[in-house]
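Comments concern the structure below.
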Number of protein chains: 2
Amino acid sequence: MNNFTYDIPTRIHFGKDALDFIGEEVGKYSKKVLLTYGGGSIKKNGIYDKVVEELKNKNIEIFELSGIKPNPRIDSVREGVKLIKENDIGAILAVGGGSTIDASKIMSAGAKVEFDPWDFISEGKEIKDAIPLFTVLTMAATGSEMNGGAVISNPETNEKLASGSYYTRPKASFLNPELTYTVSEFQTAAGSADIMSHLFEIYFNNNDSMYMLDRMMESLMKTVIEYGPKAIKDPKNYEARANLMWASSWAINGFLSASSNAEWSNHPMEHELSAFYDITHGLGLAILTPRWMDYVLSDDTVNKFYDLGVNVFNLEQSEDKMEVARKTIEKVSEFFFEKLGLDNNLNALGIDEENFDAMSKKACGKNGVIKGFIDLNPEDVRKIYEMSLN
Amino acid sequence: MNNFTYDIPTRIHFGKDALDFIGEEVGKYSKKVLLTYGGGSIKKNGIYDKVVEELKNKNIEIFELSGIKPNPRIDSVREGVKLIKENDIGAILAVGGGSTIDASKIMSAGAKVEFDPWDFISEGKEIKDAIPLFTVLTMAATGSEMNGGAVISNPETNEKLASGSYYTRPKASFLNPELTYTVSEFQTAAGSADIMSHLFEIYFNNNDSMYMLDRMMESLMKTVIEYGPKAIKDPKNYEARANLMWASSWAINGFLSASSNAEWSNHPMEHELSAFYDITHGLGLAILTPRWMDYVLSDDTVNKFYDLGVNVFNLEQSEDKMEVARKTIEKVSEFFFEKLGLDNNLNALGIDEENFDAMSKKACGKNGVIKGFIDLNPEDVRKIYEMSLN
């Protein structure tokens with residue numbers, strides 16, 4: 001295991017009263033806040049009114065930026081930065097899922113620099129400061145509410161890239177599981193797949209992470225397996241929504257990855273799918289993951305699949321580890337495609353191999369390789385896309 | 001489950017290079033630090049020299065308070081507060097185990113008030129501020145390095161009581177598992193028992209904690225079961241020491257207890273043993289815990305024992321839950337007394353029933369009851385002490 005620094009300062013107000021703390025927390029930092037959100041559903045379900053009331057109670061002036069889309073665009077970020085600078089706004093409150101929060105993170109950093117915020121993403125310019133960010137989560141999936149990372153798309157260049165820093169971690173996030181009662185079956189399934197994928201990306205690594213953290217990842221996987229399907233069948237099941245919500249934060253807040261420095265494989269491949277076809281991130285991950293598992297399973301990698309099968313999917317311990325590993329991958333497919341009910345191939349989404357060459361090359365980035373559990377070059381990635389077609 | 005606020009701002013530098021960050025972290029807050037430690041073993045094993053070097057590199061002036069004993073006394077706290085005030089010291093660096101850290105926490109709070117720091121403990125006066133505290137951990141057990149709690153003894157009154165607050169959480173802790181290589185077999189065993197007990201105290205609750213957190217507690221228990229005995233047999237096993245060290249922090253930093261508001265049973269009973277007989281805390285817990293389990297096991301409580309047996313001790317699932325529960329308690333005893341090799345009764349420590357009446361009464365405090373998984377009155381506590389005699 002590697003040396004690491006653990007530092008997760010985001011305060012979380014969790015539960016049915018979580019939004020009651022908004023005014024108090026935001027008010028510590030600014031009397032002017034930029035309220036960011038997506039398509040306006042928060043106006044129908046009462047969340048908007050509650051948020052505005054809490055802010056007004058503390059005499060905080062509200063500016064608004066709505067219309068932030070899934071796979072959030074750099075355009076929205078630029079618009080937010082402009083509003084912040086023009087009005088001397090001192091904090092951002094993002095209300096929504098990962099897309100709204102991610103876009104708001106780059107706004108919070110963009111507010112502190114003079115250059116185009118896309119430079120953080122495309123040129124990897126370092127984020128050295130940001131205005132305080134707060135989040136109200138309305139969907140459990142990306143974990144953006146408790147980490148500093150952001151993924152932003154640029155439709156002009158078909159790019160979807162990650163950025164982030166310590167400074168873009170939310171100061172506080174307000175997590176009321178009830179706010180996710182209205183998340184659709186499909187989005188609940190895609191969100192659950194996203195959480196599982198975050199865990200798999202860290203679990204499958206070559207750096208001998210701590211035993212303790214492997215067991216904790218398995219605990220979170222069990223939680224998603226237990227409650228993802230329950231939340232789909234019974235959308236107002238508080239325990240299901242609460243467990244998924246808290247699991248989503250912990251899957252990717254830095255705690256689990258700390259000792260392993262895990263490098264991710266499926267996310268870079270999926271980001272090209274979303275960049276080219278604008279599909280839902282979690283759905284893309286669900287389709288790719290079992291194919292990636294098939295592709296990288298070998299005598300060298302079998303132990304990790306075996307552990308997963310025995311510890312998470314309750315498969316019988318056996319002499320034949322490869323047999324258990326294959327069953328494990330079947331269980332993963334069963335979870336994504338039967339228990340969560342997600343489409344199980346790219347053809348079903350209307351995607352063919354037209355862009356696979358370009359996507360494979362882009363997924364491997366400037367160095368021509370996705371470093372990970374097994375390093376993947378563009379040919380490997382193309383094969384995994386092909387395996388995902390039907 | 002209950003609503004909760006999660007807020008654990010302590011930064012942790014973990015690994016072989018952890019102490020390299022001391023000067024940088026302390027230097028952010030003060031140019032004068034009070035270095036607190038115990039019996040002087042840190043001068044023999046090189047830790048003292050390393051710490052002093054790191055502080056001097058950043059031109060931080062060092063004041064010292066040594067001789068802090070296990071089950072730390074309020075006298076040491078008073079001495080520390082005096083030194084801090086006389087020399088206008090702005091930070092504390094505690095080097096040691098839970099005792100040194102606990103004493104330093106109350107010093108950090110005492111530095112900010114004019115009254116006797118014992119009032120925090122005995123009268124429950126609220127801690128509203130503290131000077132910054134940093135810790136170098138030399139023993140994995142109490143978890144004090146990542147929470148705000150402290151337990152302090154007053155030999156004059158035979159009292160051992162808890163205090164603490166958000167303000168007494170360390171700003172940063174430096175955790176190098178190698179520093180625990182010299183911890184004796186006995187102290188490693190007692191520390192492992194202490195960690196297990198923290199997990200049991202939260203696990204056995206009536207508040208329906210989150211499924212996810214129950215599974216995570218089980219992961220930490222598995223970690224202690226895996227690595228406690230390994231660290232005893234092979235004291236320089238880095239993975240064993242690292243897993244125990246990080247597990248000790250997470251067992252009691254507030255994360256697991258957040259949703260349950262668990263109330264503790266074995267710790268208040270053990271604190272009387274330590275207060276009256278000055279025995280090692282973890283040893284007292286190991287002796288009491290299986291007896292407490294026997295005492296509270298019933299048809300009403302059987303499910304939790306069953307989960308523990310099946311999920312942690314790999315017992316077969318069975319129709320007869322009570323049978324599994326009994327075996328679970330045997331497994332707990334086996335772990336404490338065979339795997340960790342701790343003494344399994346109070347007589348072996350030279351303790352008889354002479355003070356049981358006084359201890360039972362004190363353990364139940366002003367309200368005459370230990371609220372917990374099963375509420376205990378002084379008669380119950382006395383019976384559990386009696387069951388622990390031999």
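Naming convention: chains lettered A, B, ... in sequence-line order (proteins, then strands); numbering from 1 in each chain.
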Steps toward ring pair (Phe, Tyr, Trp, His ring centres under 6.0 Å) verdict (B:Trp250, A:Tyr6):
CA-CA 12 Å; B:Trp250 282 87; A:Tyr6 172 94; 5.4 Å; yes

Do the non-hydrogen side-chain atoms of [X] and [Y] ever get within less than 4.5 Å of each other?
| X | Y | answer |
| --- | --- | --- |
| B:Met1 | A:Tyr238 | yes |
| A:Leu220 | B:Met216 | yes |
| A:Phe14 | B:Asn3 | no |

Considering residues, nucleotides and ligands other than [X], do more than 12 of their heavy atoms fall under 6.0 Å from its [atom1]?
| X | atom1 | answer |
| --- | --- | --- |
| A:Lys50 | NZ | yes |
| A:Lys222 | NZ | yes |
| B:Lys304 | NZ | yes |
| A:Tyr181 | OH | yes |
| B:Phe21 | CZ | yes |
| A:Lys28 | NZ | yes |

Nearest heavy-atom approach of B:Asp7 to A:Arg11 is OD2-NE, 2.7 Å

To check you understand the geometry: which heavy-atom pair defines the closest contact between B:Arg215 and A:Ser219, and what is its length?
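The answer is O-OG, 2.9 Å.
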
Give the intermediate values and the outcome of side chain to side chain contact (heavy atoms under 4.5 Å, CB included) for residues B:Glu226 and A:Tyr211.
CA-CA 9 Å; B:Glu226 176 78 14; A:Tyr211 174 99; 3.8 Å; yes

Inter-residue atom distance B:Ser249.OG - A:Met212.CE, 0.5 Å rounding:
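Going from the OG atom of B:Ser249 to the CE atom of A:Met212 covers 7.5 Å.
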
Rounded to the nearest 0.5 Å, what separates atom CG in B:Asp214 from atom OG1 in A:Thr223?
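Taking CG in B:Asp214 and OG1 in A:Thr223, the distance rounds to 9.5 Å.
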
Identify which part of [X] has an atom lying under 4.5 Å from any heavy atom of chain B, answering side chain, backbone, both or neither.
| X | answer |
| --- | --- |
| A:Glu218 | neither |
| A:Ser173 | neither |
| A:Met221 | neither |
| A:Ile8 | backbone |

Looking at B:Pro9, B:Ala242, B:Ala172, which one has more heavy-atom pairs under 4.5 Å with chain A than the rest?
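Result: the option with the highest number of such pairs is B:Ala242.
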
Tell me, with the steps shown, if A:Trp246 and B:Phe4 meet ring pair (Phe, Tyr, Trp, His ring centres under 6.0 Å).
CA-CA 12 Å; A:Trp246 204 209; B:Phe4 61 87; 5.5 Å; yes

